[in-house]
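Report on the following structure.
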There are 2 protein chains.
Amino acid sequence: MTSINLKQSKFNTRQQILSATLTLFSSKGYFNTSVRDISRESGVSIGSIYHHFKDKEGIASSMYNNLIEQMVNELEQIKIRHKTSHDRCRAVIELLFVMSEEKPEEMEFMLSSKHRDFLPNEKPVCSSIPFEMMRDLVKEGIVSGEIQVMDLMVASSCLYGPSLRMITSRLDGLINKPLQDYLDAIWSSSWKAVAS
Amino acid sequence: MTSINLKQSKFNTRQQILSATLTLFSSKGYFNTSVRDISRESGVSIGSIYHHFKDKEGIASSMYNNLIEQMVNELEQIKIRHKTSHDRCRAVIELLFVMSEEKPEEMEFMLSSKHRDFLPNEKPVCSSIPFEMMRDLVKEGIVSGEIQVMDLMVASSCLYGPSLRMITSRLDGLINKPLQDYLDAIWSSSWKAVAS
DNA sequence: GTCTATACGACGATAGAC
DNA sequence: GTCTATCGTCGTATAGAC
């Protein structure tokens, strides 16, 4: 019993730290957040933080990989729920739109290409597993004949690029309505660009 | 004569600082570059740097606005050289591709949406004048009838989004061939998505 | 305008008691 | 495992001579 409590306690502290870190990095960025800030926000002492993580970069790395993993889970759900490439890719875009509306700062953090500035050993976002999975959906569409035979990067950029741009514009305050309002328009145009 | 030399000297020092700053920020990022680094790289002493600029942020701001201005000039050239929206938008994408191949790090810096982390008073990239000019080209295309009547942000995202995604992928090392090789494919698909 | 020397604070990280 | 106290470093920015 005691050992279970201890394990839970350890787990909770770790999660508290990671959760506070996500909040702070998303809103202020990695370099504008000190370990002291994380300690304050999480209610965990600095010493304890360094007990759980090697250094500040270790915290960032853990937190980032958590995000990636969650994203992978969502994408797997989509593969289960939808069968055609058309429906799956559309569902991916809808997912990204919903996430952008619900947690804009986390989305901004996740899409930012600037992780390399503080996680030099991490792959850039677009070569991460989620983006790879997204490209796989396109590849399957080409194989099945739903999508024209063309370069995979070109097809993926045409299918997802417009939506990702809409997300960036929304996060930058250039669009005032929720992204879901544009889903049909964006999707029908994007699909038109690659459909057989 | 003396006064001219002094003025030139001042101008050169300023430019040396800005040029070194661009190099360093592009390769290592704002937060990983110290003013000492800028001093070393530019060959200008710290004291002199602070004579020309209020603070580190001031250097970044000047450098960033220089980049924006150069971009505006290029876009104006395109408006002069091409007449239809179709040709102008295509030329814009070609310009971005060429710039990405010639100065990848500067391009990465310019497109990064993370300027807010160190330039909180600057508009985000997509609301900057160059992006506004790019959207204007699309708007004129809608008015002239070349492009379908549709939401301007949707149309712009469909036209430029795919190419911008290709650039990001190339900068992240996901694409091995020069972007120019993809120009025709990307453009014909992108145009198909919005053309009347 | 340019330089050297230096002030001063904040940061990441550690030591060691509990 | 968690905490407080503290160390050493390095960053930005300034002072003041030339």
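Lettering of chains follows the sequences in order, A, B, ..., and the numbering in each one begins at 1.
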| query | What nucleic acid atoms does A/T33 come within less than 4.0 Å of, heavy atoms only: base, sugar-phosphate, or nothing? | reply |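 Sugar-phosphate, backbone atoms only, no base.
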| said: Just to verify, what does A/F131 make a ring pair (Phe, Tyr, Trp, His ring centres under 6.0 Å) with, not counting sequence neighbours? | reply: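 A/F131 satisfies ring pair (Phe, Tyr, Trp, His ring centres under 6.0 Å) with no residue once adjacent residues are dropped.
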Length of the line joining [X]:[atom1] and [N]:[atom2], which is rounded to integer Å:
X     : N      : atom1 : atom2 : result
A/I17 : D/dG1  : CD1   : P     : 11 Å
A/D55 : D/dG8  : CG    : C1'   : 17 Å
B/N32 : D/dC10 : CG    : C1'   : 13 Å
B/Y50 : D/dT12 : OH    : C1'   : 4 Å
B/H52 : D/dT12 : NE2   : P     : 18 Å
A/K56 : C/dT14 : NZ    : C1'   : 17 Å
B/R40 : C/dC3  : CZ    : P     : 15 Å
A/F31 : D/dG11 : CZ    : P     : 12 Å

| said: Pick the closest DNA chain C nucleotide for A/G47 and for A/S34 by heavy atoms, then say which residue is nearer the 5' end. | reply: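 Mapping each residue to its closest nucleotide by heavy atoms, the 5'-most match is A/S34.
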| A/T13 side-chain N/O to D/dG1 phosphate OP1/OP2 under 4.0 Å | no
| query | For D/dG1, does OP1 or OP2 lie under 4.0 Å from any side-chain N or O of A/H51? | reply |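 Indeed, a polar side-chain atom of A/H51 lies that close.
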| said: Does the plane of the ring in B/W187 sit parallel, tilted or perpendicular to the ring in B/H86? Use 30° and 60° as the thresholds. | reply: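 The rings of B/W187 and B/H86 stand perpendicular, inter-plane angle above 60°.
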| request: Kindly assign one of parallel, tilted or perpendicular to the pair A/Y30 and A/F25, based on the angle between their ring planes and the thresholds 30° and 60°. | output: perpendicular
| request: Write down the atom of A/C158, the atom of A/A193, and the distance for their closest heavy-atom approach. | output: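 The answer is CB-CB, 4.4 Å.
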| Closest nucleotide among D/dT2, C/dG1, C/dA13 to the A/I46 side chain |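 Of the options given, the side chain of A/I46 lies nearest C/dA13.
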| request: Looking only at side-chain atoms of B/R36, point me to the closest of C/dT14, D/dT2, D/dG11. | output: D/dG11
| Do A/S156 and B/R165 have a side chain donor and acceptor closer than 3.5 Å? | no
